[in-house]
Amino acid sequence: MAEKNWAGNLTYRAAAVREPASLRELSDIVARTPGVRALGSRHSFSPIADTDGTLVSLARMPREIEIDTDAGTARVSAGLRHGDLVPALDAAGFALANLASLPHILVAGAVQTGTHGSGDRIGSLATQVLGVEMVTADGEALTLRRGDPQFDGAVVALGALGVVTHLTLELEPAYEIAQTVYDGARWDDVLAGFDAITGAGDSVSLFTSWQDADTIDQIWVKARPGRANADAVLAAGGREADGPRHPVPGVGPEPCTVQGGVPGPWHSRLPHFRLEFTPSAGAELQSEYLIDRRDVLAAIEALRALAPAIAPLLYVCEVREMAADDLWLSPAFGRETVGLHFTWRPDVAGVEGLLPRIEDALPESARPHWGKVFTMDADRIRSRYPRWDEFAALRARMDPRGRFTNDYLSRLGLA
């Protein structure tokens, strides 16, 4: 049976899927196989993991969580889901600074694609990484640590440098979060006080279906005790929701984490969705564009103008923010960033027909999320990453025979 991604919009072309049970077995597969790509949780909508060679899953590799309480770090297996990792960290009294909206994704897959949560002062999940261990093209194990010359190029690396086996993550003491949802804020008021809105909590998400180009459907504020600023949201026309909400209009809230301002453990509030439920809408497509925060007004106005074309194809759009980082291929490299995330109805032709209009309308700072659907050409993408040529040179040195190359990387000029 052909392997598909989570959403079913992509069928992998791999001739074989291997599930090594040890590091030695993984090294042997990589060293002996001409074309290899790592397969994660499959919650990717682009062909970033696709290959006509061999897909390697880490599902049978040993599950390791080694917490150093003195250093405040954890060395973890790359094949762990965040939803499996974070309860163990919490039980030891530790936490991560942030999480993505889905706990179902793998630790390594999220890091390698620059996946993120939300927060003015919080970076993407990749910024929590202190060390990367991988099996390189010759089957050898390589460890890079923060501060090493190649480290900033290897953390968000699109699977182009090797198969990541372990990550060392920076921890902090466990904390509580409360999540409050507000309905009906107005775009004009939000944009006039954007910094106050996104600073209303530790993690803030704005959701809209673009059915009404003037109104935001929901604002989700996740805040540690004493950090919530409800006044900023109320001043923009928001009103506290009268019950739990799902981000997608018309969908029941059962899959979502607890709302209503009730404090709870960090890992049960930062994701939008509970681990035990199917995330998001199910049958869907996703796109995301990461823009320079300074361009947010122009970007939102561009989307407001396109709202009549966007709304019929859309489940929901999420706007969230993240701090700048120094990771070469991170969509947040070098600037404070705002993410414009689209969860589309499963209309491939319609979405792919609309995306060029969105990409042309957005400011030139827009960078597509590596794991989502986009149509932007390689020249435009490369021009938006100042360290692109250095990454290409690093890839060429580490994988001179193109063992980890696929059509996706070739399209980007990384072959």
Side-chain angles (χ1 to χ4, degrees), residues 1-15 17 37 39-52 55 100-102 104-106 109-110 112-115 158-159 207-211 246-251 255 272-273 278-291 299 302-303 305-319 331 339-362 366-381 406-412:
M1 180 178 177
E3 301 286 337
K4 291 182 175 292
N5 66 337
W6 174 82
N9 70 297
L10 181 68
T11 300
Y12 297 112
R13 300 173 298 126
V17 179
R37 293 294 290 175
L39 181 66
S41 63
R42 312 185 197 200
H43 199 88
S44 173
F45 301 81
S46 77
I48 187 170
D50 196 20
T51 179
D52 55 8
L55 286 171
S101 58
L102 298 175
H104 307 72
I105 56 180
L106 295 194
Q112 283 279 291
T113 56
T115 296
L158 319 186
F207 290 101
T208 180
S209 62
W210 290 116
Q211 296 289 338
H246 191 289
V248 178
V251 178
H272 298 331
F273 300 100
T278 299
S280 199
E284 64 191 53
L285 301 172
Q286 291 185 11
S287 300
E288 186 172 25
Y289 299 93
L290 293 302
I291 62 167
L303 296 181
L306 288 171
I310 292 172
L313 292 168
L314 189 70
Y315 283 122
V316 73
C317 173
E318 180 179 7
V319 180
L340 309 171
H341 183 279
F342 301 87
T343 299
W344 303 105
R345 299 179 186 277
D347 180 348
V348 175
V351 170
E352 290 185 348
L354 177 61
L355 288 182
R357 294 179 62 188
I358 292 176
E359 292 168 359
D360 287 343
L362 289 176
R367 298 165 177 167
H369 189 294
W370 301 116
K372 313 294 185 182
V373 179
F374 61 88
T375 61
M376 192 178 293
D377 66 71
D379 287 342
R380 292 170 74 185
I381 294 172
N406 63 356
D407 289 348
Y408 179 93
L409 296 179
S410 296
R411 169 189 167 190
L412 295 172

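Along the sequence shown, residues carry numbers from 1.
Here CD of E352 is found 7.5 Å from CG of L355. Values are rounded to the nearest 0.5 Å. Considering OG1 of T343 and CG of L285, their distance stands at 9.5 Å, rounded to 0.5 Å. Distance check, rounded to the nearest 0.5 Å: OG1 of T113 to CD1 of I105 gives 7.0 Å. With rounding to the nearest 0.5 angstrom, the CG atom of L314 is 12.0 Å from the CG atom of D347.
Side chains of P255 and F273 form a contact here, defined as non-hydrogen atoms less than 4.5 Å apart. Here the side chains of W344 and V373 are not in contact, with every heavy-atom distance at 4.5 Å or above. For the pair C317/I310, no side-chain contact is recorded, criterion being any heavy-atom separation below 4.5 Å from C-beta on. For the pair Y289/L303, no side-chain contact is recorded, criterion being any heavy-atom separation below 4.5 Å from C-beta on. Residues L412 and L158 form a side-chain contact, since some pair of their non-hydrogen atoms from C-beta on lies under 4.5 Å apart. Counting only heavy atoms from C-beta outward, the side chains of L10 and P47 approach each other to under 4.5 Å. Counting heavy atoms from C-beta outward, D52 and N406 have side chains that stay 4.5 Å or more apart. Within the 4.5 Å cutoff, the side chain of Y315 has no heavy atoms near those of the V251 side chain.
A salt bridge links R13 with D50; the closest basic N to acidic carboxylate O contact falls under 4.0 Å. Ion pairing between R37 and D407 fails under the 4.0 Å rule for side-chain N and carboxylate O.
Of the possible polar contacts, one joining the S44 side chain to the G371 backbone as a donor-acceptor pair under 3.5 Å is found. Between the side chain of N9 and the main chain of F45, a donor-acceptor pair closer than 3.5 Å is present.
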Practice prompt. Assess whether side chain to side chain contact (heavy atoms under 4.5 Å, CB included) is satisfied between L39 and Y12, documenting all intermediate values.
Written response: CA-CA 10 Å; L39 181 66; Y12 297 112; 3.9 Å; yes
Discussion item. What verdict does the side chain to side chain contact (heavy atoms under 4.5 Å, CB included) test give for I358 and L340, after you've listed the backbone C-alpha separation in whole Å, the side-chain angles of each residue and the deciding distance to 0.1 Å?
Written reply: CA-CA 11 Å; I358 292 176; L340 309 171; over 6 Å; no
Discussion item. For a side chain to side chain contact (heavy atoms under 4.5 Å, CB included) check, start with the C-alpha distance between L106 and S41, then their side-chain angles and the critical distance, and finish with the verdict.
Written reply: CA-CA 6 Å; L106 295 194; S41 63; 3.9 Å; yes
Discussion item. Between V351 and F342, does the side chain to side chain contact (heavy atoms under 4.5 Å, CB included) criterion hold? Intermediate values first, please.
Written reply: CA-CA 10 Å; V351 170; F342 301 87; over 6 Å; no
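In terms of heavy-atom proximity, P346 sits nearest to A283 at CD-O, 3.5 Å. Minimum heavy-atom separation, A100 to T115: CB-CG2, 4.1 Å. When all heavy atoms of I291 and A299 are compared, the pair lying nearest together is CD1-CB, 3.3 Å. Contact detail for G350 and L313: the closest heavy-atom pair is O-CD1, 3.5 Å. Minimum interatomic distance between A302 and A361 (heavy atoms only, all atoms of both residues): CB-O, 3.6 Å.
P368 pairs in a side chain to side chain contact (heavy atoms under 4.5 Å, CB included) with only one of the listed residues (E359, E288, R380, M376), which is M376.
Shown here is R411, whose CZ atom has more than 12 heavy atoms of other residues, nucleotides or ligands within 6.0 Å.
When only modelled atom types and interatomic distance are considered, Q286 and E284 share a side-chain donor-acceptor pair under 3.5 Å. Side-chain atoms of S46 and K372 include no donor-acceptor pair closer than 3.5 Å. With hydrogens and angles left out, the side-chain atoms of H272 and E318 include a donor and acceptor closer than 3.5 Å.
Here the two rings, on H246 and F207, have centers that are 6.0 Å apart or farther.
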